[in-house]
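Here is the naming used below: chain letters follow the sequence lines, and residue numbers restart at 1 for every chain. Just so you know, these numbers use all the heavy atoms, side chains as well, and skip hydrogens, waters and symmetry mates. Bear in mind that the values here come from a model prediction, so they are computed numbers and not experimental data.
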2 protein chains.
Amino acid sequence: MTETAKPRRAQILDSASRLFSERGYHATSMRDLAGDLGMQGGSLYAHISGKEELLIEIVNVASRQFDEALFTLRDTDLPADEKLREAMHRHIRVVADNMDSATVFFHEWKHLSPEAYARVTGWRDSIDAFYRELITRGISEGTFRADLDPRMTAYLVLSAVNWAYTWYRPGGPLTPGDVADSFADMLLGGLRSEIGSTA
Amino acid sequence: MTETAKPRRAQILDSASRLFSERGYHATSMRDLAGDLGMQGGSLYAHISGKEELLIEIVNVASRQFDEALFTLRDTDLPADEKLREAMHRHIRVVADNMDSATVFFHEWKHLSPEAYARVTGWRDSIDAFYRELITRGISEGTFRADLDPRMTAYLVLSAVNWAYTWYRPGGPLTPGDVADSFADMLLGGLRSEIGSTA
DNA sequence: CACGCAGCCTAACGGGCGTTTGGCATCTGT
DNA sequence: ACAGATGCCAAACGCCCGTTAGGCTGCGTG
C-alpha cells in the first residue's frame with residue numbers, strides 16, 4: 001500500500017496522454033493503451049484503478065501546470081504590458097511543453113465526472129479572471145487603451161495562447177518564446193503601420 | 001431512389017450536430033441519437049447509411065459555410081485592414097450561426113476516414129493561405145506594419161475567430177458583429193495607449 | 001534454498017456498440 | 001377498395017468495450 005510514485009505508472013500516463021490526444025478519450029480503448037506499452041489490457045489494472053482515473057490525472061496535471069505558471073505572476077509589480085507579455089510567455093510554454101496533455105485538457109474535459117468537471121470549469125474561470133484583472137489594471141494605469149473591454153480583451157489573449165495547441169509543433173523552428181513574443185508584439189502594438197492610424 | 005432532401009434527414013443531422021458537439025462523436029451512440037428524435041436506434045437506417053455519414057456531412061456543411069463566407073472576399077478591392085475586418089465578421093458569423101456543427105468541425109475531424117480527413121486538412125490549409133495572402137498584401141500596400149510575419153499573424157487572427165466556438169453564446173448580449181469589431185479593433189490598433197508607444 | 005511479491009498473462013464477465021432484418025401499421029394515388 | 005411505398009418498431013447479429021479473476025514467472029531478500 002506504500003504508494004511511492006512508480007515509473008510504470010508514469011509511462012502509462014504518458015502513453016495515455018499521447019493516445020488520448022491523438023485519437024480522443026472514448027476512441028482509445030484500454031487494449032489500445034496496453035498495446036502501446038507492450039502489455040495486455042487487463043495488466044493495466046495492477047497500476048491504475050480505471051480509465052477515468054487516467055483522464056482525471058492528465059487533466060489535473062495540466063491544470064496544475066497552468067496554475068503554477070500564472071499565479072506566481074499575480075502579485076508581481078511589473079507594468080501591465082510587460083506582465084501580459086510574461087503571462088503569454090509562460091502560458092504558451094506550458095502548452096508547448098505539454099502538447100499531449102494540453103490537447104487532452106482542451107478536448108476531453110467535457111467527459112469528466114461532475115466533480116472533476118466542476119474543478120476544470122472553476123480553473124477556467126480563474127484563468128479568465130487573472131487576465132481580466134491584469135487588463136483592468138493596465139487600463140487604470142494608463143498602459144492600455146481606455147476603451148478596451150477587459151472581458152473581450154481577455155478572450156482575445158486566451159484565444160491566442162490556447163489555440164496554439166492546434167498548430168504548434170515542438171522541435172520546429174519556433175520556440176515557445178518566439179511565439180509568445182510575436183503574439184505579444186502584435187497584440188500590444190497592433191497590426192497597422194503608423195500611416196493612417198485612426199480606425 | 002429519388003433522393004430529394006427530406007425534412008427527417010435534416011432533423012437527424014440537427015440532432016446529431018447538437019449531441020456530437022455536447023458529448024463528442026464517439027460518446028454519442030446511435031440509440032442516444034434516435035432517442036433524442038423519439039425513435040428506435042435501428043429506425044435511423046431508413047434515412048442514413050451509417051454513423052460516419054453523419055459526421056462527414058456535418059463537417060462538409062461547416063466547411064462549405066466557411067468557404068462561401070471567405071472566398072467571395074478574395075478578389076474584392078478593399079484596403080487590407082477593412083478586408084481583414086470583413087473577413088473576421090464573416091468568419092465569426094459562421095461560427096456563431098452554427099455553434100454545434102462548428103464545434104463538431106473543430107473537435108471531431110480527426111475521427112474522419114482518410115479521404116474526408118484529407119479534405120478537411122486541405123480546407124484548413126486554404127483558409128490559412130487566405131489570411132496569409134491578405135496580410136502579405138496589406139504589408140506590401142503599407143497598410144500593415146512591415147515587420148509582421150504573415151504566418152504568425154494569420155495564426156493570431158485564426159486563433160481569435162476560431163476559439164470563439166468555446167465561449168460564444170448565441171442569444172447573449174453580444175452579436176457576432178460586436179465580437180468581430182471588438183477583436184478587429186484590438187488587433188488592428190493594438191492594446192497599448194498612445195503614451196509609451198515604443199515596444 | 002525457500003519465500004514472497006511484483007508484474008504480467010490468459011480467460012472470461014456483462015453490457016453496450018453499430019448495424020441488419022422482417023414485419024406491422026399508416027398514408028397516397030388510382 | 002386495393003397496391004405500394006413509407007416510416008417505424010422489436011429483436012437479433014457479431015463485435016468490442018472496461019473490468020475482474022486466477023495463475024504463472026522471475027527477481028530480491030532472509
Side-chain angles (χ1 to χ4, degrees), chain A residues 1-59 104 107-108 110-117, chain B residues 1-59 104 107-108 110-117:
Chain A
M1 220 40 107
T2 57
E3 43 200 53
T4 50
K6 300 194 176 179
R8 195 67 187 181
R9 222 190 116 87
Q11 286 179 26
I12 294 175
L13 281 167
D14 284 349
S15 275
S17 296
R18 192 164 44 77
L19 293 181
F20 289 175
S21 78
E22 287 171 0
R23 313 180 188 179
Y25 176 67
H26 282 106
T28 305
S29 74
M30 296 302 274
R31 288 170 178 87
D32 289 340
L33 175 57
D36 190 66
L37 291 153
M39 45 200 296
Q40 297 295 115
S43 307
L44 289 167
Y45 291 80
H47 305 94
I48 59 165
S49 73
K51 192 182 183 184
E52 198 187 9
E53 184 196 336
L54 292 172
L55 180 57
I56 290 176
E57 186 135 337
I58 291 167
V59 168
V104 174
H107 267 198
E108 313 289 351
K110 285 187 181 180
H111 304 310
L112 289 166
S113 60
E115 326 97 59
Y117 181 97
Chain B
M1 220 39 107
T2 56
E3 41 201 51
T4 50
K6 300 194 177 180
R8 194 68 188 182
R9 221 188 119 88
Q11 287 180 25
I12 294 175
L13 282 167
D14 285 349
S15 275
S17 295
R18 192 164 43 78
L19 293 180
F20 289 175
S21 80
E22 287 172 358
R23 313 181 187 176
Y25 175 68
H26 282 105
T28 305
S29 74
M30 295 304 272
R31 289 169 177 88
D32 290 340
L33 175 57
D36 190 65
L37 292 153
M39 45 200 296
Q40 297 295 113
S43 307
L44 291 168
Y45 290 81
H47 304 94
I48 60 165
S49 73
K51 190 182 184 183
E52 198 187 9
E53 184 196 336
L54 292 172
L55 181 57
I56 290 176
E57 185 134 338
I58 291 167
V59 168
V104 174
H107 266 196
E108 313 290 349
K110 284 188 182 178
H111 304 310
L112 289 167
S113 60
E115 326 99 59
Y117 180 97

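Checking the phosphate oxygens (OP1, OP2) of C:dA6, no side-chain nitrogen or oxygen of A:His47 falls inside 4.0 Å. Residue B:Tyr45 has no polar side-chain atom (N or O) positioned under 4.0 Å from OP1 or OP2 of C:dT20.
Residue A:Lys51 holds its NZ atom at 6.5 Å from OG1 of A:Thr28, rounded to the nearest 0.5 Å. Note that the CD atom of A:Glu57 and the CG atom of A:Leu13 stand 5.0 Å from one another [nearest 0.5 Å]. Taken from CD in A:Glu53 to NE2 in A:His47, the straight-line distance is 12.0 Å, to the nearest 0.5 Å.
Ring orientation note: the planes of A:His111 and A:Tyr25 are close to parallel, at an angle under 30° on the 30°/60° scale.
Scanning residues 49-58 of chain B for heavy-atom distances under 4.0 Å to DNA chain C yields B:Gly50, B:Lys51. The stretch residues 20-38 of chain A touches DNA chain C through A:Arg31, A:Gly38, each having a heavy atom within less than 4.0 Å of the strand.
Atom CD1 in B:Ile48 sits about 10 Å away from atom P in C:dT20, given to the nearest Å. Nucleotide D:dT25 holds its P atom 18 Å from the CE atom of A:Met39, rounded to whole Å. Following rounding to the nearest Å, B:His111 (NE2) and C:dG18 (P) show an atom-to-atom distance of 14 Å. Across the protein-nucleic acid pair, B:Arg8 atom CZ and C:dC27 atom P stand 15 Å apart, rounded to whole Å. Between B:Leu44 atom CG and D:dT6 atom P there is a gap of 18 Å when expressed in whole angstrom units.
Sorted by first and then second residue, the side chain to side chain donor-acceptor pair (under 3.5 Å) pairs involving residues 37-46 of chain B (not counting sequence neighbours) form an empty list. Counting only residues at least two apart or on different chains, no salt bridge (charged side-chain N to carboxylate O under 4.0 Å, His left out) pair has a member in residues 38-47 of chain A.
Contacts of A:Gln40 with the nucleic acid, taken as non-hydrogen atoms under 4.0 Å apart, include base atoms.
Closest approach to the B:Ser43 side chain among C:dC9, C:dG7, D:dC8 is made by D:dC8 (side chain taken as heavy atoms from C-beta onward).
The side-chain contact (heavy atoms from CB on, under 4.5 Å) check on A:Ser113 picks up A:Glu52, A:Ile56, A:Glu115, A:Ala116, with sequence neighbours excluded. A:Asp36 meets the side-chain contact (heavy atoms from CB on, under 4.5 Å) test with A:Ser15, A:Arg18, A:Leu19; sequence neighbours excluded.
Of the N and O atoms on the side chains of B:Ser17 and B:Asp14, not one donor lies less than 3.5 Å from an acceptor on the other residue.
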